[in-house]
Amino acid sequence: MATFFSRIAVIIPIFFLSLLGVSSVGINYGQLGNNLPSPGKVLNLLNSTKFTKARIYDTNPQILTAFANSNIELIVTIENEMLPVVVDPQQALQWVSTHIKPYFPATRITGIAVGNEVFTDDDTSLVGYLVPAVVSIHGALAQLGLDRYIQVSTPSSQAVLEQSYPPSAGSFKPEVNGIMWQFLQFLSETNSPFWINAYPYFAYKGDAANISLDYALLKPNPGMVDPNTKLHYDNMLYAQVDAVLFAIAKMGYAAIEVRVSETGWPSKGDPEEVGASVQNAEVYNRNLLKRQYSNEGTPLRPNMRLEAYLFALFNEDLKPGPTSERNYGLFQPDMTMAYNVGLSDLGTASASISLTSSGTKAAVIEYQSLVYLMFVYLLTFQVFMRRRPY
């Protein structure tokens with residue numbers, strides 16, 4: 001490892017890092033409940049809470065119709081079981097023609113998630129369909145003139161990583177490397193993001209004796225310093241994201257943007273689900289929203305805002321699994337708050353929210369950007385000749 005980092009000596013220009021203005025915040029809108037409000041009521045709720053981006057787990061025509069002519073940007077999903085079907089370009093064209101074209105552009109569909117957590121799905125045969133499916137769906141969008149407006153990707157879980165600590169050690173599991181390489185090439189050539197479902201809650205629940213709750217909840221704490229990069233992390237979410245960035249860079253695609261497609265904290269759990277409580281859920285989501293409205297990036301990419309979608313909008317009573325799975329919502333099905341994260345205050349307060357003084361932050365950003373550029377050069381050089389076609 002020491003040899004690896006000692007070889008970093010050259011800096012090359014990189015242009016994708018830019019200081020962005022304050023952007024909107026996303027929310028995951030699941031529908032696994034028998035008592036959820038109508039899509040029209042959900043739209044009114046979103047408009048009242050400053051969320052202007054949402055992700056759904058299908059292409060529910062009622063939602064796509066209700067959200068027409070609104071300011072809500074939508075990511076829709078092709079269910080996992082459909083991947084073997086849409087690998088056929090004609091089937092992909094039929095799918096886009098049926099599920100996307102009739103609603104766009106009145107409904108602001110900005111992304112298509114081809115499956116969810118396919119790389120780690122229990123059905124291991126699905127991953128073989130992933131890259132052909134994303135290529136076919138993108139090709140169908142291009143054929144209909146929609147590829148300029150709608151990105152294609154797939155959300156992955158943190159379990160796709162072989163190592164994630166420290167962040168600079170981030171690497172993908174060997175068994176997914178071949179397909180991951182092809183997938184990353186697709187993302188690079190189509191300028192699409194890598195979506196990650198990142199949950200500090202799972203890490204804390206699994207090792208509460210050794211992980212600081214404040215670190216997991218994005219509260220003030222001493223944090224940790226990556227021994228290889230000397231970058232300081234004051235929360236686990238950013239460390240998780242940077243581990244993914246390092247894993248991607250080691251495969252030669254350092255310019256790909258990573259976005260958080262899901263993150264959240266349950267307000268209730270079974271007795272063995274350590275940390276699942278209303279208080280912790282409120283703290284985590286409130287702190288995350290503050291950082292989103294403060295336009296923060298991760299230590300590795302401090303001047304590129306980290307886009308994140310909270311999980312989830314509602315508590316969903318039909319979700320299988322432990323109690324926590326049914327208690328991630330910011331809202332109850334009757335649209336009352338499960339707890340108060342201050343949505344009515346965060347938007348207007350964003351200009352005054354600052355976790356670092358402006359002078360100090362500028363110096364830190366300059367230094368951290370320098371470190372990142374050095375890593376980009378070495379990692380890109382090492383793998384430049386090894387790229388494979390998809």
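All residue numbers in this chain count up from 1 along the given sequence.
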In the structure I gave you, are the side-chain heavy atoms of [X] and [Y] within less than 4.5 Å of one another anywhere?
{"X": "P200", "Y": "T263", "value": "yes"}
{"X": "T190", "Y": "V152", "value": "no"}
{"X": "V160", "Y": "M180", "value": "yes"}
{"X": "T77", "Y": "I56", "value": "no"}
{"X": "W95", "Y": "V85", "value": "no"}
{"X": "F172", "Y": "L161", "value": "yes"}
{"X": "V176", "Y": "V127", "value": "no"}
{"X": "L313", "Y": "L46", "value": "yes"}

If you count the non-hydrogen atoms of other residues, nucleotides and ligands that lie under 6.0 Å from [atom1] in [X], is the total more than 12?
{"X": "E79", "atom1": "CD", "answer": "yes"}
{"X": "F51", "atom1": "CZ", "answer": "yes"}
{"X": "Q332", "atom1": "CD", "answer": "yes"}
{"X": "D270", "atom1": "CG", "answer": "yes"}

Practice problem: Carefully, step by step, assess E262 and R55 under the rule salt bridge (Lys or Arg N to Asp or Glu O under 4.0 Å). | Solution: CA-CA 9 Å; E262 290 181 15; R55 175 187 169 213; 3.1 Å; yes

Is it possible for you to say whether [X] and [Y] belong to one hydrophobic cluster, with membership spreading through side-chain heavy-atom contacts below 4.5 Å?
{"X": "L330", "Y": "Y309", "result": "no"}
{"X": "W195", "Y": "V258", "result": "no"}
{"X": "M82", "Y": "L32", "result": "no"}
{"X": "I72", "Y": "Y149", "result": "yes"}
{"X": "I100", "Y": "I75", "result": "no"}

Quiz prompt | Check against side chain to side chain contact (heavy atoms under 4.5 Å, CB included), Q158 and F202 | solution = CA-CA 10 Å; Q158 286 288 128; F202 291 139; over 6 Å; no

Do [X] and [Y] have side-chain atoms, one donor and one acceptor, less than 3.5 Å apart?
{"X": "N280", "Y": "Y204", "result": "no"}
{"X": "S212", "Y": "D214", "result": "no"}
{"X": "N80", "Y": "D121", "result": "yes"}
{"X": "T229", "Y": "S168", "result": "no"}
{"X": "S157", "Y": "N197", "result": "no"}

Main-chain N/O of [Y] paired to [X] side chain as donor or acceptor, under 3.5 Å:
{"X": "N327", "Y": "P266", "answer": "no"}
{"X": "T65", "Y": "Q62", "answer": "no"}
{"X": "N221", "Y": "D234", "answer": "yes"}
{"X": "S324", "Y": "G269", "answer": "no"}
{"X": "T298", "Y": "Y238", "answer": "no"}
{"X": "S156", "Y": "I196", "answer": "no"}
{"X": "H138", "Y": "Q151", "answer": "no"}
{"X": "K50", "Y": "L343", "answer": "no"}
{"X": "Q292", "Y": "A308", "answer": "yes"}

Can you see which heavy atom on [X] is nearest to which on [Y], and at what distance?
{"X": "D147", "Y": "A142", "answer": "OD1-CA, 3.3 Å"}
{"X": "K319", "Y": "R326", "answer": "O-NH1, 2.8 Å"}
{"X": "L64", "Y": "T107", "answer": "O-OG1, 2.5 Å"}
{"X": "W265", "Y": "G275", "answer": "NE1-O, 2.8 Å"}
{"X": "N287", "Y": "K219", "answer": "ND2-CG, 3.6 Å"}
{"X": "G264", "Y": "N285", "answer": "CA-OD1, 4.1 Å"}

What is the distance from atom [atom1] of [X] to atom [atom2] of [Y], rounded to the nearest 0.5 Å?
{"X": "M224", "Y": "I211", "atom1": "CE", "atom2": "CD1", "result": "11.0 Å"}
{"X": "N235", "Y": "L218", "atom1": "CG", "atom2": "CG", "result": "4.0 Å"}
{"X": "D334", "Y": "F314", "atom1": "CG", "atom2": "CZ", "result": "9.5 Å"}
{"X": "F246", "Y": "M251", "atom1": "CZ", "atom2": "CE", "result": "16.0 Å"}
{"X": "Q91", "Y": "T98", "atom1": "CD", "atom2": "OG1", "result": "9.5 Å"}
{"X": "L93", "Y": "I137", "atom1": "CG", "atom2": "CD1", "result": "9.0 Å"}

Exercise. Could you point out which residue of T124, D123, D122, L130 forms a side-chain contact (heavy atoms from CB on, under 4.5 Å) with L126?
Key: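 That would be D123.
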
Quiz item: Strictly under 6.0 Å, is that where the ring centroids of Y284 and Y201 end up?
Solution: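 No; Y201 has its ring centre 6.0 Å or more from that of Y284.
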
Exercise. May I ask you to check whether Y328 and F311 place their ring centres under 6.0 Å from each other?
Key: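 Centroid separation for F311 and Y328: below 6.0 Å.
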
Exercise. Would you sort out whether Y29 and I63 count as a side chain to side chain contact (heavy atoms under 4.5 Å, CB included), showing the intermediate values?
Key: CA-CA 10 Å; Y29 170 17; I63 295 176; 3.5 Å; yes

Quiz item: Going through the checks in order, is the side chain to side chain contact (heavy atoms under 4.5 Å, CB included) test met by F194 and L245?
Solution: CA-CA 9 Å; F194 187 99; L245 282 167; over 6 Å; no

Exercise. Determine, stepwise, if the pair R108 / N71 fulfils side chain to side chain contact (heavy atoms under 4.5 Å, CB included).
Key: CA-CA 8 Å; R108 300 178 63 188; N71 70 330; 4.1 Å; yes

